[in-house]
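Reckoned from all heavy atoms, side chains included, excluding hydrogens, waters and symmetry mates. Only a predicted model underlies this, so the values are computations on that prediction, with no experimental measurement involved. Note on naming: letters A, B, ... go to the chains in the order of the sequence lines (proteins, then strands), and numbering restarts at 1 for each one.
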Number of protein chains: 2
Amino acid sequence: MTHDTPRPRRARKLPTTEELRIWRDFIETSEGLRSQLTARLQSESSLSSGDYAVLLALSEAEGHRMRSSDLAAHIDWERSRLSHHLGRMERRDLIRREECAADSRGADIVLTATGLQSFRQATVPHLSAVRELFVAALTPEQLTAAGDIAAALRAHLGSAGRQRGAGARAKGI
Amino acid sequence: MTHDTPRPRRARKLPTTEELRIWRDFIETSEGLRSQLTARLQSESSLSSGDYAVLLALSEAEGHRMRSSDLAAHIDWERSRLSHHLGRMERRDLIRREECAADSRGADIVLTATGLQSFRQATVPHLSAVRELFVAALTPEQLTAAGDIAAALRAHLGSAGRQRGAGARAKGI
DNA sequence: AGCTACTAATTGACATGTCAATCAGCCGCG
DNA sequence: CGCGGCTGATTGACATGTCAATTAGTAGCT
């Protein structure tokens with residue numbers, strides 16, 4: 001008459017077919033959106049969404065310059081990712097690295113004239129693409145709902161997630 | 001007192017600040033979700049979401065085998081992407097390539113025993129993660145709304161997008 | 001000063017994606 | 001047949017990401 005763990009009585013509950021369908025629709029659609037936006041940005045301005053995020057942050061920063069760490073925190077990237085990306089952007093003359101006066105370990109990332117110009121040319125087409133592909137596709141109610149859903153998911157991610165490495169990523173698209 | 005093109009009256013309409021905020025929330029949150037799911041999958045089964053998509057398709061295929069092209073179409077990947085990925089999966093003994101009897105240009109991709117086992121071990125934890133991070137975060141109304149929003153965006157993408165290369169990508173997460 | 005611990009940033013190795021080029025085998029048609 | 005064009009798949013070059021070192025400089029403590 002033992003009664004220890006007779007049935008698995010699993011803690012894990014699985015989604016229904018319908019829930020799974022919605023999940024797939026949701027995630028695939030947001031992927032599709034992202035890839036469309038990225039492709040347009042690329043073709044209209046030769047910038048990747050990563051480039052855009054970096055340039056946006058720098059263009060808003062005082063003196064068009066920012067410490068590498070601060071930049072990474074601002075756009076929520078890992079530092080090594082940023083470092084690699086800055087290397088590529090520096091080769092294209094979009095940004096420049098300068099020594100940091102305050103802390104000689106640090107690097108100041110500076111927006112170049114070329115970088116600023118590229119960003120300025122990119123921004124209007126990009127924003128209008130956001131409007132066309134996202135905002136215009138939804139009714140006002142749906143748009144509001146999308147905001148609520150994002151907030152709910154994020155709140156949940158913040159509490160339930162976080163256990164495994166990754167947090168919210170990929171700001172600035 | 002001239003009145004010629006005093007205002008640009010641009011064809012492009014831009015999103016409002018609020019619309020842009022929702023957009024960013026939406027896209028960043030779905031990125032965060034994706035990265036969480038990917039990280040969990042990785043840590044619980046050493047599979048990437050790409051691996052999972054491929055294994056899922058093969059596990060449902062007749063004879064656990066599929067022509068490379070069909071597989072690519074099924075999961076909506078570019079062929080070269082699939083080819084590279086299959087190379088990596090083959091090295092890990094998750095799949096095997098065999099000559100295709102019908103068309104000797106073709107390749108049959110076959111699920112190995114190892115691959116099937118990995119997939120089977122991954123599926124319950126993965127689905128329960130979907131439930132935990134997505135389904136459980138939303139009210140039933142929000143879940144429905146999420147489905148509607150995805151459908152609306154997808155329909156719009158299908159008509160307005162498509163002009164530039166990329167379509168809906170990244171199935172099977 | 002000297003030691004230790006912490007922080008900033010980069011680097012290297014490798015996984016993953018895209019695009020263009022290539023290579024081989026199929027097929028229709030003179 | 002045989003040739004020109006299409007299709008299936010792979011490849012190479014390179015962009016992008018992640019993770020684990022590594023390098024260099026700062027700071028606190030004795």
Going by number, which of residues 95-117 of chain B have a non-hydrogen atom under 4.0 Å from DNA chain D? B:R97, B:R105, B:G106, B:A107
Count the heavy atoms of every other residue, nucleotide or ligand shown that sit under 6.0 Å from CD of B:E99, and state whether that count exceeds 12. no
Rounding to an integer number of Å, can you tell me how far A:L94 CG sits from D:dA15 P? 13 Å
Are any of the side-chain nitrogens in A:R40 or A:E132 under 4.0 Å away from the carboxylate oxygens of its partner? yes
If you find the nucleotide of DNA chain C closest to B:S80 and the one closest to B:R88, which residue's nucleotide is nearer the 5' end? B:R88
Specify the residues of residues 57-68 of chain A, ordered by number, for which at least one heavy atom lies under 4.0 angstrom from an atom of DNA chain D. none
When the distance from CE of B:M89 to P of D:dT10 is rounded to whole Å, what number comes out? 14 Å
Length of the line joining A:E78:CD and D:dA20:C1', which is rounded to integer Å: 11 Å
Salt bridge (Lys or Arg N to Asp or Glu O under 4.0 Å) involving A:R92 - partner list, sequence neighbours excluded: A:D51
Kindly state each residue pair satisfying side chain to side chain donor-acceptor pair (under 3.5 Å) with at least one member in residues 104-114 of chain A, sequence neighbours excluded. A:R65-A:D108, A:D93-A:T114, A:D103-A:R105
Give, for atom OG of B:S49 and atom CZ of B:R34, the distance between the pair rounded to the nearest 0.5 Å. 7.0 Å
Ring geometry between B:Y52 and B:H126 (parallel below 30°, tilted from 30 to 60°, perpendicular above 60°): tilted
Under 3.5 Å, side-chain donor or acceptor atoms of residues 140-148 of chain A against the rest of the protein: list the pairs with distances, not counting sequence neighbours.
unit_1, atom_1, unit_2, atom_2, d
A:E141, OE1, A:T139, OG1, 3.3
A:Q142, OE1, A:T139, N, 3.0
A:T144, OG1, A:P140, O, 3.0

Assign A:S83 to base, sugar-phosphate, or nothing according to its heavy-atom contacts below 4.0 angstrom with the strands shown. base
For B:D76 and C:dT18, give me the distance from atom CG to atom P, rounded to whole Å. 10 Å
Please tell me which of the listed nucleotides, D:dC19, C:dA8, C:dT18, lies nearest to the side chain of A:R79? C:dA8
Separation of B:L71 atom CG from D:dT10 atom P, in whole Å? 11 Å
Roughly, in whole Å, what's the span from CG in A:D51 to C1' in D:dC14? 14 Å
Looking for any heavy atom pair under 4.0 Å, which part of the strands does A:S48 touch: base, sugar-phosphate only, or nothing? sugar-phosphate
For atom CZ of A:R81 and atom P of C:dT11, their distance in whole Å: 18 Å
Please determine, for the side chain of B:H84, which listed nucleotide (D:dA13, D:dG8, D:dT16) has the closest atom? D:dA13
Within this structure, what is the NE2-to-P distance between B:H85 and D:dT10, rounded to whole angstrom? 14 Å
Applying side chain to side chain contact (heavy atoms under 4.5 Å, CB included) to A:A72 and not counting sequence neighbours gives A:R79, A:L82
With a 6.0 Å cut-off (strictly less than), is the heavy-atom count around CZ of B:R21, excluding the residue itself, greater than 12? yes
